[in-house]
Amino acid sequence: MLQSSSPAFKENARAALADQTLQKALGNVKAGFIGKRAKARARLPEFEDLRDAARDIKNHTLANLDFYLERYEEKVLASGGQVHWAATAEEARNAILTICRDAGAKVVTKGKSMISEEIGLNAHLEEAGLDVVETDLGEYIIQLRHETPSHIIAPAVHLTKDQVEADFRHHHDELPADRSLVEPEQLVAEARQMLRHRYLEADVGITGANFLVAETGTSIIVTNEGNGDLTQCLPKVHIVIASLEKVVPNLEDATTILRVLARSATGQELSAYTTFSTGPRRPEDLDGPEQYHVILLDNGRSQMLGGEFQDMLRCIRCGACMNHCPVYHAVGGHAYGWVYPGPMGAVLTPSLIGVDEAGHLPNASTFCGRCESVCPMRIPLPRMMRHWREREFERHLSPKAVRFGLAFWAFFARRPALYHRLLGLKMRVLGALGRAQGRFNALPFAGGWTKHRDFPAPQGKTFQQLWAERQKGGAGS
Amino acid sequence: MSEARPNGSKGQIMAALRRSLKREQPAPEERRLLEERLAQPRAGLIPARGQRDHAAQLDLLEEMLTELSATVARLDDAAEVPQAVADYLKSENLPPRLRLAPREDLRVLPWDSQPLLEVTEGSAQETDPTAVTGAFAGIAETGTLVMASGAEAPITLNFLPENHIVVLRASDVVGAYEEAWTRLRARFGNGTMPRAVNMITGPSRTGDIEQTILLGAHGPRRLHVLLIEDAEQPAAAD
Ligand code: SF4
């Protein structure tokens, strides 16, 4: 699995806050995502009802995950594909390497896949001598820089255009040194040109999956660039890596969720390419892969099922929670130290790599409740972060200062009535304290990083106002 | 049974899932309901905008496509396609060369009327500047084109060339995604899909550099739709 630096969240966050270039790039997150989502939502009157429907579909599927996965597998086999069940990251990596070796592969192209990051696939294939080429523009850029993604749908969101230009000049040294790369269009055109022949020389193409459809044995990917499609239709082998919870019953179910996915992610009505793949090339086809493999990865999901973190398995990786998170806006994705950043990462990461490694992350929250309010799958993220903090507290894993905050929190968390009664008073005191100091290091729920920054509040309100409003509304409880 | 397949840790994972779900198998009645749900897919909530009359759907499709930086030309008759293709390539300063999907209704068009146009059939090659394909359906809801792979529809044509011209019949335009699934099932059978179904919603784009949207990342930079207003009403969705 990818090594985590989650235990160092506070140090990571401190460094991120001091990094001027990063801060400039992070400005694009708010500017680029929040308004677009709001517009897309306003344009579709059925949006809130679709969120309910999407949640219900996933809940139904999770309650019958055993049944749907078996039916899904049957359909993949019937269409000539193969399914490899992997309990751990290591099993998944080995299964993929075996398929690549059997195909005599030298060059492997990849569409963006967070599961591939989760299992640390690239390093494993490269150690085995394969040439691994990321084709999503953001992934391509960070591969050049030997970095990991800092956002689940915009992997290079932590970089500025000038940084990308410098990387391209450094790595594409076969191109004329005096070429112009002033315009972003020129950077996109150059990446397009550099990657073109790589698609054609690849022996294996690896993609993730946004959905698996039990009715038909189909995997679905959603992209904007078209790189995922070139990755899967040109090489002779297509490997799909998907975690267990990606399955849905029918095409109609996938459709309902698709209606909220792109709108929540980028504010698009639908992403440019939604691609449904079912098995290998048919006898009459003129193109398409000769082999189609699906790696079904568990890596902790079966343990989340049926427990207090089951709701997290509804996540469709849209990124809305981090796009609207004041903590993410302030520190970026790398500070979280592992594959999944932001609120969804704060909940998911301890589930997947353990509370010892990632126990700090659920503290990386102001509990402003924005994440839950925008999550298309209505995942109660703040509540689940609280669950983790309680667990961490019980295990006394936290340093003393954090424990103090947690002790305070846990006391009230178990006494909701008392909590709510005291809340008005408490908030007034905290509000006054915050105003007096101009910052929030006195907030018992917020970790040490609050002393570095007054979190920019969305919609022009102060953090205190938002905080107090959320609490008065009882939201997130 | 499972030993014969290279299916890895299936047994272990299924056992873990069943432990978490606290059941061995769904109860017989539950299973019957699940089977039924799989076999008889029901449409969920369809947005009102996907349920207008057919003429309004054509307008909505055009509006959505235009918003996505695609272009649309309406033609009264498919026979006008070769001329329209030649005009488009000229207006965009593109080479008069195209790769045509080997689809009977495209093949029979009067390509001879455009002697300057070099037309080759087949799947896409690296040097093809432009592809001309049909479409299985158009979905007005979001201005989406649906391509179903097969002998007449090599999917590389949808992605490799820099320019994609799509010939879409008005009778193949539906309001909502669900109607396209109904038509797919009618054509390919229940529970069966062509190898690839590509929903295409505008030209290729990326926001990966400072969240600025730019066209033509890896797939087509230009998407041009020739909408043939054949008089036929869409086949009733059953
Ligand atoms: S938790 Fe919700 S908002 Fe966050 S990525 Fe998952 S689905 Fe999207």
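Order of the sequence lines fixes the chain letters, A, B, ..., with proteins taken first and strands second; residue numbering starts at 1 for each chain.
Between chain B and the residues A:Val164, A:Leu50, A:Leu244, A:Thr256, the largest count of heavy-atom pairs under 4.5 Å involves A:Leu50. When the candidates A:Lys161, A:Glu139, A:His197, A:Glu185 are compared by the number of heavy-atom contacts under 4.5 Å with chain B, A:Lys161 comes out ahead. Among B:Met193, B:Arg221, B:Met64, the residue making the largest number of heavy-atom pairs under 4.5 Å with chain A is B:Met193. Here B:Ala16 is the residue among B:Ala16, B:Pro102, B:Gly11 with the most heavy-atom pairs under 4.5 Å with chain A. Counting heavy-atom pairs under 4.5 Å between each of A:Gly306, A:Pro249, A:Ala214, A:Gly32 and chain B puts A:Pro249 at the top. Considering only heavy-atom pairs separated by less than 4.5 Å from chain A, the leading option among B:Lys22, B:Arg31, B:Glu152 is B:Arg31. When each of A:Thr135, A:Val222, A:Ile220 is scored by its heavy-atom pairs under 4.5 Å with chain B, the top score falls to A:Thr135. Of the listed residues (A:Ile295, A:Thr160, A:Leu65, A:Asn94), the greatest number of heavy-atom pairs within a distance under 4.5 Å of chain B belongs to A:Thr160. Considering only heavy-atom pairs separated by less than 4.5 Å from chain A, the leading option among B:Ser123, B:Ala196, B:Pro47, B:Gly44 is B:Pro47. The candidate from B:Pro194, B:Gly202, B:Gly207 with the greatest count of non-hydrogen atom pairs under 4.5 Å with chain A is B:Pro194. The candidate with the highest count of non-hydrogen atom pairs below 4.5 Å against chain B, out of A:Asn227, A:Leu286, A:Thr275, A:Leu251, is A:Leu251.
Of the atoms belonging to B:Glu35, heavy atoms from both backbone and side chain fall under 4.5 Å from chain A. Heavy-atom distances place no part of B:Leu145 under 4.5 Å from chain A, backbone and side chain included. Residue B:Met14 touches chain A through its side chain alone, counting heavy-atom pairs closer than 4.5 Å. Interface residue B:Pro203: only backbone heavy atoms are found under 4.5 Å from chain A. Residue B:Arg205 touches chain A through both its backbone and its side chain, counting heavy-atom pairs closer than 4.5 Å. Of the atoms belonging to B:Met147, not a single heavy atom falls under 4.5 Å from chain A. Interface residue A:Ala154: backbone and side-chain heavy atoms are both found under 4.5 Å from chain B. Contact annotation for B:Thr206: both backbone and side-chain heavy atoms come within less than 4.5 Å of a heavy atom of chain A. Only the backbone of B:Arg42 comes within less than 4.5 Å of a heavy atom in chain A; its side chain stays farther off. For a residue to count as touching a neighbouring chain, one of its non-hydrogen atoms must lie under 4.5 Å from one of that chain's; by this rule B:Glu162 touches chain A with backbone and side chain alike.
Between A:Glu269 and B:Arg49, at least one side-chain N (NZ, or NE/NH1/NH2) sits under 4.0 Å from a carboxylate O, which counts as a salt bridge. Here A:Glu252 pairs with B:Arg185 in a salt bridge; the nearest charged N to carboxylate O distance falls below 4.0 Å. Using a 4.0 Å cut-off between a side-chain N of Lys or Arg and a carboxylate O of Asp or Glu, A:Glu70 and B:Lys10 qualify as a salt bridge.
Across all their heavy atoms, A:Ile153 and B:Asp208 have their closest contact at O-OD1, 4.5 Å. What you find for B:Glu210 and A:Leu159 is that their closest heavy atoms are CG-O, 4.2 Å. Closest non-hydrogen pair, B:Leu17 versus A:Ser302, comes out as CD2-CB, 3.8 Å. Here the closest non-hydrogen pair linking B:Arg37 and A:Asp253 is NH1-OD2, 2.8 Å. Of all heavy-atom pairs spanning A:Ala63 and B:Leu21, the tightest one is O-CD2, 3.7 Å. The nearest pair of heavy atoms linking A:Arg259 to B:Ala176 is NH2-CB, 3.9 Å.
B:Ser9 OG to A:Glu91 CD: the interatomic distance, rounded to the nearest 0.5 Å, is 3.0 Å.
Using a 4.5 Å cut-off on side-chain heavy atoms (C-beta onward), B:Asn198 and A:Phe276 make no contact. Side-chain contact between A:Trp85 and B:Gln12 is absent, with no heavy-atom pair separated by less than 4.5 Å. For the pair A:Pro280 and B:Arg195, the minimum side-chain heavy-atom distance is 4.5 Å or more. Using a 4.5 Å cut-off on side-chain heavy atoms (C-beta onward), B:Pro26 and A:Asp66 make contact. A:Cys233 places none of its side-chain heavy atoms less than 4.5 Å from the side chain of B:Leu160. Between A:Phe67 and B:Glu30 the shortest side-chain heavy-atom distance does not fall below 4.5 Å. Under the 4.5 Å side-chain criterion, counting only non-hydrogen atoms from C-beta, B:Leu34 is in contact with A:Tyr68. Side-chain contact between A:Leu234 and B:Phe159 is absent, with no heavy-atom pair separated by less than 4.5 Å.
Looking only at atom types and distance, the side chain of B:Ser204 has no donor-acceptor partner in the side chain of A:Glu225 under 3.5 Å away. A donor atom on one side chain and an acceptor atom on the other are found under 3.5 Å apart for B:Arg23 and A:Asn64.
Residue B:Glu24 qualifies as open at atom CD: its count of foreign heavy atoms under 6.0 Å is 12 or below. Within 6.0 Å of CZ on B:Arg107 lie more than 12 heavy atoms contributed by other residues, nucleotides or ligands.
A distance-only check finds no donor-acceptor pair linking the side chain of A:Arg196 to the backbone of B:Glu126 [under 3.5 Å]. At distances below 3.5 Å, at least one donor-acceptor pair connects side-chain atoms of A:Asp287 with backbone N or O atoms of B:Ile155. Distance alone, capped at 3.5 Å, places no donor-acceptor pair between the B:His218 side chain and the A:Leu230 backbone.
Among the candidates B:Met199, B:Glu141, B:Glu178, the single residue satisfying the side chain to side chain contact (heavy atoms under 4.5 Å, CB included) test with A:Thr255 is B:Glu178.
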Under the criterion side chain to side chain contact (heavy atoms under 4.5 Å, CB included), I'd like the reasoning laid out for B:Leu38 against A:Asn250: C-alpha separation, chi angles, the key distance, then a yes or no. CA-CA 6 Å; B:Leu38 271 187; A:Asn250 300 107; 4.1 Å; yes

